[in-house]
Amino acid sequence: SAAKPESEESNLLADILVWGGKAFQETPDFGVYNVGGIRAAFAQGDVTYGDVLNVAPFENHICFLTLTGEKTQQLFSEIAKVGGEGVSHGVKLVITHDGQLRSATLHGKPIDPNATYRVATLDYLAQGNGGLEAFKAKTHEVSPQGEENDVRHIIVNYFKHMAAQGKAVNAQMEGRITYEK
């Protein structure tokens, strides 16, 4: 299953949340998926809906929200404090073993305290659960509660989308969250 500070699975799931924005005309700057919500590993080869249910057993819905740069920096500090969570491609956090954030960049740039950032996450986290209190300062929240917006369906749609293109789903470790040397 998923490990901290970074795992192939939590990377993949955070990326899927960002990909999932397309269906909602959303273009998130980054995604956050909690490692604690990942309950199994994806099998190699063909993935079934049952596999997805094992990996994502909770009825979480995708959620989009806006945070200020200041709150984004706080969010990344809170992710450091819990030892890492799933973050999407383009996020790079350097953390210490005792949970301090040393640096945070998004697509190669430092977080601009005066900017706003659009985030794709789970409704569970958007409520400020899992120690991620910064999410409580969210604005412009879009939290569709229909069954088709259950994260499990979005994961399944992603696998179908990749299969239709003849592509393998390939999760990789990229050094998104690393410990300070």
Side-chain angles (χ1 to χ4, degrees), residues 1-67 72 75 79 84-93 105-109 116-127 129-130 132 135 138 140-177:
S1 69
K4 293 186 176 193
E6 178 184 9
S7 72
E8 292 175 358
E9 252 188 311
S10 57
N11 283 359
L12 173 65
L13 290 165
D15 288 347
I16 289 173
L17 292 179
V18 172
W19 173 86
K22 289 190 185 103
F24 302 92
Q25 288 72 57
E26 291 277 356
T27 50
D29 295 300
F30 65 96
V32 179
Y33 199 109
N34 61 319
V35 171
I38 304 169
R39 287 294 200 250
F42 284 116
Q44 294 296 314
D46 295 334
V47 171
T48 66
Y49 188 63
D51 293 333
V52 174
L53 291 182
N54 289 337
V55 171
F58 305 108
E59 300 230 337
N60 289 315
H61 290 79
I62 198 165
C63 182
F64 305 96
L65 54 89
T66 297
L67 291 179
T72 299
L75 175 68
I79 288 172
E85 292 292 9
V87 292
S88 61
H89 178 73
V91 176
K92 282 220 181 316
L93 306 181
T105 58
L106 184 56
H107 305 298
K109 299 187 185 111
T116 57
Y117 296 92
R118 195 73 175 151
V119 190
T121 190
L122 307 177
D123 53 359
Y124 170 79
L125 294 180
Q127 293 152 15
N129 293 312
L132 304 183
F135 278 135
K138 64 189 176 284
H140 304 91
E141 183 180 19
V142 174
S143 186
Q145 292 300 304
E147 192 185 332
E148 69 281 6
N149 307 318
D150 188 314
V151 167
R152 292 179 290 212
H153 291 286
I154 293 162
I155 296 168
V156 168
N157 290 343
Y158 176 81
F159 277 93
K160 285 180 178 164
H161 164 80
M162 294 295 278
Q165 296 186 355
K167 292 183 185 165
V169 173
N170 198 355
Q172 289 166 336
M173 295 285 280
E174 296 184 323
R176 297 179 189 185
I177 303 181

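By the neighbour-count criterion of 12 heavy atoms within 6.0 Å, atom NE2 of His89 is sparsely surrounded, having that number or fewer from other residues, nucleotides or ligands.
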Practice problem: Give the C-alpha distance, both sets of side-chain angles, the deciding distance and a yes or no for side chain to side chain contact (heavy atoms under 4.5 Å, CB included) between Val32 and Asn34. | Solution: CA-CA 7 Å; Val32 179; Asn34 61 319; over 6 Å; no

Quiz item: Does the pair Gln127 and Asp123 meet the rule for a side chain to side chain contact (heavy atoms under 4.5 Å, CB included), with working shown?
Solution: CA-CA 6 Å; Gln127 293 152 15; Asp123 53 359; 4.3 Å; yes

Exercise. For the pair Leu17 and Leu122, evaluate side chain to side chain contact (heavy atoms under 4.5 Å, CB included) and give the outcome as yes or no after the intermediate values.
Key: CA-CA 8 Å; Leu17 292 179; Leu122 307 177; 4.1 Å; yes

Quiz item: After noting the C-alpha distance and the side-chain angles of Arg176 and Asp15, does the key distance pass the salt bridge (charged side-chain N to carboxylate O under 4.0 Å, His left out) rule?
Solution: CA-CA 12 Å; Arg176 297 179 189 185; Asp15 288 347; 2.8 Å; yes

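Once rounded to the nearest 0.5 Å, the distance linking CG of Leu65 with CZ of Arg118 reads 6.5 Å. Of the inter-residue distances, the one linking Thr105 atom OG1 with Leu93 atom CG reads 7.5 Å to the nearest 0.5 angstrom. Asn170 CG to Met162 CE: the interatomic distance, rounded to the nearest 0.5 Å, is 8.0 Å. For the atom pair SG of Cys63 and CD of Glu26, the computed distance is 9.5 Å after rounding to the nearest 0.5 Å.
A donor-acceptor distance shorter than 3.5 angstrom exists from the side chain of Arg152 to the backbone of Pro57, with no hydrogens or angles considered. Asn129 places a side-chain N or O within 3.5 Å of a backbone atom of Tyr124 that can act as its donor or acceptor partner. Between the side chain of Asp150 and the main chain of Glu147, no donor-acceptor pair closer than 3.5 Å is present. Counting only distance, with no hydrogens or angles, the side chain of Glu6 and the backbone of Gly175 share a donor-acceptor pair below 3.5 Å. Ser7 places a side-chain N or O within 3.5 Å of a backbone atom of Ser10 that can act as its donor or acceptor partner. Not one N or O on the side chain of Arg39 forms a donor-acceptor pair closer than 3.5 Å with the backbone of Ala56. His107 places a side-chain N or O within 3.5 Å of a backbone atom of Asp29 that can act as its donor or acceptor partner.
Nearest heavy atoms, Lys4 versus Gly84: CE-O, 3.1 Å. What you find for Gln145 and His61 is that their closest heavy atoms are O-NE2, 3.1 Å. Taking all atoms of both residues into account, the shortest heavy-atom contact from Glu148 to Ile154 is O-CG1, 4.4 Å. Taking every heavy atom of both residues into account, Val55 and Ala40 meet most closely at CG2-O, 3.7 Å. A pairwise comparison of heavy atoms in Ile177 and Glu85 identifies CD1-O, 3.3 Å as the closest pair. Here the closest heavy-atom approach between residue Leu75 and residue Leu67 is recorded as CD2-CD1, 4.0 Å.
Between Tyr33 and Leu125 the shortest side-chain heavy-atom distance does not fall below 4.5 Å. Within the 4.5 Å cutoff, the side chain of Leu132 has heavy atoms near those of the Ile79 side chain. Taking 4.5 Å as the limit, some side-chain heavy atom of Ser88 sits within range of a side-chain heavy atom of Val18. For the pair Lys167 and His161, the minimum side-chain heavy-atom distance is 4.5 Å or more. Using a 4.5 Å heavy-atom cutoff, the side chains of Tyr117 and Phe30 are in contact.
Checked against the 6.0 Å centroid criterion, the rings of Phe24 and Phe64 qualify as a close aromatic pair.
A ring pair (Phe, Tyr, Trp, His ring centres under 6.0 Å) with Phe159 is found for exactly one of Phe42, Tyr49, Trp19, namely Phe42.
Using a 3.5 Å distance cut-off with no hydrogens or angles, the side chains of Asn11 and Glu174 do not pair a donor with an acceptor.
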